[in-house]
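See structure below.
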Amino acid sequence: MSVTAIVVAVVCVLVVGWIVRRVLAQREVREKSIEPEALYALLQAKQILLYDVRQPLDFLAHPEIIPGAMRIAPKNIADETAHFSRDQNSVIYCTGGDDETSQMVLGKARALNFTRVKLLRGGLAAWKEKGFPVEAYTESFHLDTAK
């Protein structure tokens, strides 16, 4: 077998592996998602905890939050959730639906043994498109900047 054939085979295996990981990650996000209407009903019934995990720059562009949500900076998830119950029904959201931050935070939540976490499908944008309420976010926050 030539070196070229081996290199081609290795590249093919790497590409297929990447595709499989991507498909599995997308499937997990779909399975762990909740529609805005379902979240609204759960919030009305006070049966869920809601966490806004948008990046600080997202707050500059959209300084609003879903009523009842707690803001947690993505980089502080482990520290700020150390005292949280790991089996509480909860939802996290970012700005949009395919936001990599949502996938990263879902991975962190899983790594921290949260067992009942879902993502808001479409994020804050989908929530607002459905006409559900938002309120001004007035808390101070810090931009993550290099020192």
Side-chain angles (χ1 to χ4, degrees), residues 8-147:
V8 168
V10 168
V11 168
C12 287
V13 168
L14 291 174
V15 169
V16 168
W18 178 82
I19 291 170
V20 168
R21 280 193 305 272
R22 182 92 173 134
V23 168
L24 290 175
Q26 289 172 342
R27 182 184 332 150
E28 180 181 27
V29 167
R30 271 193 316 275
E31 291 171 355
K32 300 274 186 186
S33 292
I34 186 171
E35 294 294 331
E37 297 87 353
L39 174 59
Y40 183 77
L42 290 171
L43 287 171
Q44 294 299 106
K46 300 189 185 312
Q47 295 179 344
I48 199 126
L49 298 176
L50 182 60
Y51 303 103
D52 185 314
V53 296
R54 291 179 292 154
Q55 298 287 0
L57 286 175
D58 292 327
F59 276 94
L60 289 178
H62 306 281
E64 55 204 3
I65 192 167
I66 297 173
M70 176 189 292
R71 159 109 169 90
I72 300 178
K75 72 176 195 163
N76 299 333
I77 295 289
D79 294 336
E80 293 190 33
T81 63
H83 65 283
F84 290 7
S85 170
R86 297 305 197 237
D87 62 352
Q88 173 67 43
N89 289 327
S90 54
V91 173
I92 57 178
Y93 72 90
C94 290
T95 302
D98 293 327
D99 195 340
E100 289 181 16
T101 302
S102 292
Q103 294 175 15
M104 181 262 306
V105 171
L106 182 59
K108 280 187 176 184
R110 205 176 46 246
L112 293 168
N113 297 318
F114 283 93
T115 58
R116 300 171 123 185
V117 176
K118 293 198 176 270
L119 298 168
L120 175 57
R121 187 179 312 266
L124 183 61
W127 178 264
K128 291 176 10 180
E129 282 177 16
K130 297 290 183 178
F132 293 126
V134 294
E135 59 190 23
Y137 186 75
T138 58
E139 302 293 320
S140 63
F141 60 90
H142 300 286
L143 295 178
D144 297 330
T145 58
K147 293 182 180 182

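- Considering all non-hydrogen atoms of both residues, F59 and R54 come closest at CE2-NH2, 3.0 Å.
- Between F84 and Y51, the distance from one ring center to the other falls under 6.0 angstrom.
- With hydrogens and angles ignored, the 3.5 Å screen pairs a side-chain donor or acceptor of Y93 with a backbone N or O of I66.
- Contact between R116 and D87 at its shortest, heavy atoms only, is CD-O, 2.8 Å.
- Y40 and W127 have tilted rings, their planes meeting at an angle from 30° to 60° on a 0 to 90° scale.
- The CD1 atom of I92 lies 12.5 Å from the CG atom of L49; values are rounded to the nearest 0.5 Å.
- Nearest heavy atoms, L50 versus L39: CD1-CD2, 3.9 Å.
- Of all heavy-atom pairs between K118 and S33, the closest is CD-O, 4.1 Å.
- For V134 against P67, the heavy-atom pair with the smallest separation is CA-CD, 3.8 Å.
- Without hydrogens or angle criteria, D79 side chain to N76 main chain gives no donor-acceptor distance under 3.5 Å.
- Residues passing the salt bridge (charged side-chain N to carboxylate O under 4.0 Å, His left out) test with E64, sequence neighbours excluded: K128.
- Counting heavy atoms from C-beta outward, E37 and F132 have side chains that approach closer than 4.5 Å.
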Item to check | Chi angles and distances behind the side-chain contact (heavy atoms from CB on, under 4.5 Å) call for L42, I34 | outcome: CA-CA 10 Å; L42 290 171; I34 186 171; 3.6 Å; yes
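- To the nearest 0.5 angstrom, T115 atom OG1 is 13.0 Å from R110 atom CZ.
- When all heavy atoms are compared, the tightest approach of N113 to R86 is O-CB, 3.3 Å.
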